[in-house]
Amino acid sequence: MEKGTKKIPVIVVLGHIDHGKSSLLEAIRDDFKITNKESGGITQHIGAYEIEYEGQKITFIDTPGHEAFSEMRSRGAKVADIAILVVAADEGVKPQTKEAINTIKEAKIPSVIVLNKIDKENVDIQKAKGELQNTGVLIEEWGGDIPIVEVSAKTKKGIKDLLSVLRLLTEVSEIKSDEDKKPKGFVLESHLNSFCGPKATLIIEEGRLKEGDVIKTETTFGKIKAMKNFKLQDRKEAIPGEAVVVTGFKDVPGVGESFYFSSSVDDAQKELLEKKTEEDIPPFKEKEDIDNYLKTIIKGDCKGSVEVLSKILNDLIQDKIGIKILNTGVGDITDSDIRLADNENALIIGFRVFPNAVAKTQASQREVKILTFEVIYDLIDNIRKEMANMREKKKERVDLGKIKPLIIFKTQKRGEKKYRQIIGGKVIEGEVKKSEVEIKRGEEILEGGRILELQEQKKKIEKAKSPREIGISYEGKTKIKEDDILLVFEIIET
């Protein structure tokens, strides 16, 4: 690479869920004998790895496909030089395809379309191309300027063609950077490691980043103690377009933050505008038509996940129930989280993290509920259930019928304020069953009790309609008289 001119191109892969983004990257990795361990497990969060094709190094970054990670995808495109838009040939343009197209347009970067899954039966490639054209994507073969490559990630057909197009697009786009400038770039991913503290994946935009350099972001700073490439090999310096994992930050930097060189730790500390943890939480605002809030504490394995989950849950409303986020954090669920949840009657949500031993004991003793998840779909479904459980059940009275007592066979007193009676009577209105009873005496409505049993000709029955004569077993606070009218009703919870 010529010093001060070219840079390693950074490629972002976008597209609809299940259209084969990860499969495509896996096919490329397989061709270059890159293992999942070396690439840092790219399917879980935004990660990066590097290949060299015909003398050209290329850095690939991957973005999660679920719609909840649209914010992560847009951040991914901001750090990229070229975008690959993956479209399944058997499904064509889908909602996230359109979202990805908009993301690419906003980032103002060149792109290449990959029509994946061409090995499947009944694939209509021309239809998929037509849908892209209708969405405003002008492909080369139809007079536009966006190249399209037909690929099967499963059989690896077309992978070499794609890499050739990327190499050509890199040359035409004249992707450049300046190695002589002070290093700067972006935080691609970050998390808290229990052994070595905050770690972050950085993409270098310009300059050479060296071990021992002091860098700062919008929320933290640090001196680089160690730097590794995607193969987890030690690096003393990194060049523009390269992705490296570094340790040495004071706190976990935010995903998508820019990093800059600083002359010293003292200068970085002075220049940094300190921000509180609470500022990472979406600002809580009382919402209209909300009767109650589910209070939550969110802990996640990395800052990117926590930010996305906070955004999703903050906007989640169900049946006049909203969510109030009390605190967020990266790392295991601790006893301090338990204490806060106990004091505020809150639910703790763990995303790919779990309570430590002390927290487990404290949660059991204080009866604090902890829900942990590995998949965001499950998390959202379960939170919706928690919200549903908070709804106040409304009690509604449904009148069933009326009974006219004809004869009192037996009366027993049960305690100071309760009677048990056997009564013969006639259903004079509606249909009655074992249910609640009020007593109408003249114009007055008296507190009654409940019908325990219905009989007809000495046989137990479940219901009786007007005008049948029945026997009933009654228990209640008011003693029934022959001139009374029994109002039978039930209470339904909705």
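- Within a 6.0 Å radius of NZ in K156, other residues, nucleotides and ligands contribute more than 12 heavy atoms.
- A donor-acceptor pair under 3.5 Å is formed between the side chain of N343 and the backbone N or O of R339.
- Ion pair D337/K299 flagged as a salt bridge, since at least one NZ, NE, NH1 or NH2 atom sits closer than 4.0 Å to an Asp/Glu carboxylate oxygen.
- A distance-only check finds no donor-acceptor pair linking the side chain of D267 to the backbone of S263 [under 3.5 Å].
- Scanning all heavy atoms of the two residues, the minimum distance from K295 to E344 falls at CD-O, 3.2 Å.
- In this structure, K129 and L115 have side chains that are in contact, with non-hydrogen atoms separated by less than 4.5 Å.
- Paired with I84 under the rule side chain to side chain contact (heavy atoms under 4.5 Å, CB included), one option of L14, V12, L24 passes, and it is L24.
- Take K199 and apply the side-chain contact (heavy atoms from CB on, under 4.5 Å) test, not counting sequence neighbours, and it matches H191, N193, C196, V245, T247.
- Here the side chain of D332 pairs no donor or acceptor atom with the backbone of T334 at under 3.5 angstrom.
- Partners of S173 by side-chain hydrogen bond (donor to acceptor under 3.5 Å, both in side chains), not counting sequence neighbours: none found.
- I82 approaches T170 most closely through the heavy-atom pair CD1-OG1, 3.7 Å.
- One N or O on the side chain of H16 and one on the backbone of Q96 form a donor-acceptor pair closer than 3.5 Å.
- Of the possible polar contacts, one joining the D213 side chain to the K210 backbone as a donor-acceptor pair under 3.5 Å is found.
- For the 3.5 Å distance criterion, the side chains of T219 and E257 qualify, holding a donor opposite an acceptor.
- Evaluation of the side-chain hydrogen bond (donor to acceptor under 3.5 Å, both in side chains) rule for Y53 yields S164 as partners, not counting sequence neighbours.
- Atom CD of Q365 sits in a crowded spot, with more than 12 heavy atoms from other residues, nucleotides or ligands closer than 6.0 Å.
- In this structure, E237 contributes its side chain and L209 its backbone to no donor-acceptor pair below 3.5 Å.
- With a 4.5 Å cut-off on side-chain heavy atoms, T97 and L85 count as touching.
- By the salt bridge (charged side-chain N to carboxylate O under 4.0 Å, His left out) test, R167 is found to be paired with E54, E171, residues two or more places apart in sequence or in another chain being considered.
- Closest heavy-atom contact between I61 and A48: CG2-CB, 3.7 Å.
- Residues meeting the side-chain hydrogen bond (donor to acceptor under 3.5 Å, both in side chains) test with R366, sequence neighbours left out: D342, Q362.
- Residue E242 forms a salt bridge (charged side-chain N to carboxylate O under 4.0 Å, His left out) with just one option from R235, R208, K57, and that option is R235.
- Centroid-to-centroid, the aromatic rings of F351 and F373 stay 6.0 Å apart or farther.
- Nearest heavy atom pair, residue S111 against residue I104, reads CB-CG2, 4.0 Å.
- Annotation for F186 and S258: closest pair CE2-OG, 3.8 Å, computed over non-hydrogen atoms.
- Counting only residues at least two apart or on different chains, the salt bridge (charged side-chain N to carboxylate O under 4.0 Å, His left out) pairs with a member in residues 108-123 are D90-K120.
- The pair E50-K231 does not count as a salt bridge, with every side-chain nitrogen at least 4.0 angstrom from each carboxylate oxygen.
- The only option from D81, I204, T59, I239 that meets the side chain to side chain contact (heavy atoms under 4.5 Å, CB included) definition with K7 turns out to be D81.
- The closest donor-acceptor contact from the side chain of S364 to the backbone of K360 lies at 3.5 Å or more, if one exists at all.
- Listed here is the closest heavy atom pair of S310 and I325: O-CD1, 3.4 Å.
- Defined by atom type and a distance below 3.5 Å, a donor-acceptor pair is present between the side-chain atoms of H19 and E91.
- In this structure, the side chains of K324 and L326 come closer than 4.5 Å at one or more pairs of heavy atoms.
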